[in-house]
Amino acid sequence: MSKKIIKALKHSSWFQSLPDEVLKDLATKVISYELDKDEVLIRKNDKGDSVFYIYDGWVKIVAGDALGGEVVLNHLGPGEFVGELSLVDQKPRSASVVALSSIHALELKRDDFINILYENPEIALHIIANISSRMRFTSTYVEKAIQWSYRIASGDYDFATDEIQKTNIIDTSKPDDVRANRFLDAFFRMLEGIKSREDALKTQLVQLTIEIDQAKRDEEIDSVINSEIFQKIKAESTQLRGNRVKK
Amino acid sequence: MSNIISIHSYRGGTGKSNTTANLAVIIAQSGKRVGVVDTDIQSPGINALFGLEQSELKHSLNDYLWGLCSISEAAYDVTENLIEKIEGKIFLIPSSLNAGEIARVLREGYDVGLLDSGFQELVSDLELDALLIDTHPGLNEETLLSIAISDNVVLILRPDQQDYLGTSVTVEVARKLDVANLMLVVNKIPDVFPMDEVKEKVESTYNTEVAALMPHADEMMILGSNGIFVLEFPDHPVTDALKQLADRLVEE
């Protein structure tokens with residue numbers, strides 16, 4: 001088992017440069033998890049005092065929506081770290097992590113991580129590089145989202161088709177591409193939702209609705225047909241019409 | 001046998017007078033003799049459409065109802081006032097535009113029974129093929145009488161929440177009066193509504209035939225009761241709808 005763990009750590013961007021004896025030591029400190037599909041790796045609001053390394057399988061990062069439903073924020077796959085921000089800020093978990101398939105993951109506690117960091121400060125550079133890459137990715141799409149939001153606000157929805165084609169990312173083996181796809185998918189799904197709701201409202205506006213208060217109607221009919229005038233006209237009308245026919 | 005047609009709406013502002021006047025012209029264009037009675041004594045107005053001024057009126061419907069003249073003496077041949085020569089004849093029996101006379105009607109009332117005998121007299125004296133009655137909105141006595149004695153009752157409504165309940169009440173009351181032919185006309189339809197959808201919805205709501213659907217027309221507003229629409233705008237969709245309605249009314 002530990003050989004497998006050492007091999008896995010050797011493939012990670014954070015630890016690949018560590019000497020074998022450090023990796024061996026590290027392998028004794030990590031906790032290994034094998035989860036089935038839909039099992040929970042991290043629960044939202046739990047204490048954040050460790051990082052997870054996914055070395056086999058895929059997980060989804062999920063948050064709850066206002067209605068108690070599930071919103072998938074991201075997918076992460078082999079070679080990726082999850083929960084690494086807790087190592088720095090020690091804040092409770094901001095989202096849950098659930099297995100999308102059978103997964104193998106390794107957990108490294110904060111205290112062990114800090115010790116390794118003290119002894120092997122070059123690791124810090126890899127971690128910074130890793131986080132920077134995510135930040136660059138994030139800021140690219142934040143900028144796009146801002147631009148597109150302005151266009152949506154001005155009622156311009158036509159750009160979506162062009163942008164979907166331009167930014168169509170299909171390399172599902174790259175975690176960043178998968179993330180980008182998820183973002184684009186969510187964004188354009190929102191756009192479609194807005195557009196179809198708007199269209200539905202438009203059709204509602206032009207659909208004729210005829211509402212009649214039946215109780216009020218019956219009351220008004222009664223007051224007319226029970227009136228003396230109505231009774232008189234009703235009684236005479238047959239005769240009146242009959243006279244005309246004779247003429 | 002002459003054809004008595006009441007044009008009615010539960011509320012004012014539905015285009016009742018315009019519809020009446022235009023129907024009269026279309027029917028008369030085919031060579032028929034048509035009478036138009038303005039029984040909207042409280043708020044008369046159809047005379048303006050036929051270019052008849054108050055000063056030209058020696059007698060009105062009011063005088064007849066007060067026993068001051070025969071009804072034929074209150075009938076005016078307005079055929080020559082039209083911008084176009086037509087084959088038939090149009091006789092208008094206007095209500096008085098005189099404020100004092102309107103007030104007197106409101107104050108003293110009149111014998112509604114006289115209206116019916118007046119209609120009979122008109123039909124025989126003027127040898128009318130059709131008599132159109134422009135009624136007062138609502139369901140007052142003269143309206144009920146007009147509905148009761150008519151061969152055809154045209155009930156106009158707009159696609160407007162204000163019109164729905166009253167129209168429903170009127171349809172039911174007309175049914176109780178055993179009206180031979182009751183039909184609805186939807187007027188002033190904004191162009192955002194698909195016509196077939198309006199027809200279907202109105203017919204299913206009132207369980208009554210919709211005989212014409214008339215789109216909202218800016219031209220009607222611009223004309224502003226200063227003439228007969230079908231003569232001014234012979235190719236307009238509103239003209240088509242009115243012709244269709246006239247055909248439906250005279251076929252009976």
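Every chain is numbered from 1 and lettered A, B, ... according to where its sequence line falls, protein lines coming before strand lines.
- B/D63 is linked by a side chain to side chain donor-acceptor pair (under 3.5 Å) to B/H59, counting only residues two or more places apart in sequence or in another chain.
- Between the CG atom of B/D178 and the NZ atom of A/K234 there is a distance of 4.0 Å, given to the nearest 0.5 Å.
- Here the CG-NZ distance, from B/L145 to A/K232, works out to 8.5 Å after rounding to the nearest 0.5 Å.
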Inset, instruction - Show your reasoning for whether side chain to side chain contact (heavy atoms under 4.5 Å, CB included) applies to B/L139 and A/F230. - result: CA-CA 10 Å; B/L139 280 173; A/F230 179 89; over 6 Å; no

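- Between B/E141 and A/I233, the closest side-chain pair of non-hydrogen atoms falls below 4.5 Å.
- Sparse packing is recorded around CD of A/E228, with 12 or fewer heavy atoms of other residues, nucleotides or ligands lying under 6.0 Å away.
- Contacts between residues 163-173 of chain B and chain A, defined by a heavy-atom separation under 4.5 Å, are made by B/Y164, B/L165, B/S168, B/V169, B/E172, B/V173.
- Applying the 6.0 Å contact sphere to CZ of B/R107 captures more than 12 heavy atoms from other residues, nucleotides or ligands.
- For the atom pair CD1 (A/I225) and CZ (B/R175), the distance works out to 13.5 Å, reported to the nearest 0.5 Å.
- Annotation: side chain to side chain donor-acceptor pair (under 3.5 Å) contacts involving residues 189-202 of chain B, sequence neighbours excluded, comprise B/K199-B/E203.
- Interface residue B/P194: only side-chain heavy atoms are found under 4.5 Å from chain A.
- B/Q161 is linked by a side chain to side chain donor-acceptor pair (under 3.5 Å) to nothing, counting only residues two or more places apart in sequence or in another chain.
- Rounded to the nearest 0.5 Å, atoms CD1 (A/I229) and OG1 (B/T143) are 10.5 Å apart.
- No more than 12 heavy-atom neighbours from other residues, nucleotides or ligands sit within 6.0 angstrom of CE on A/M135.
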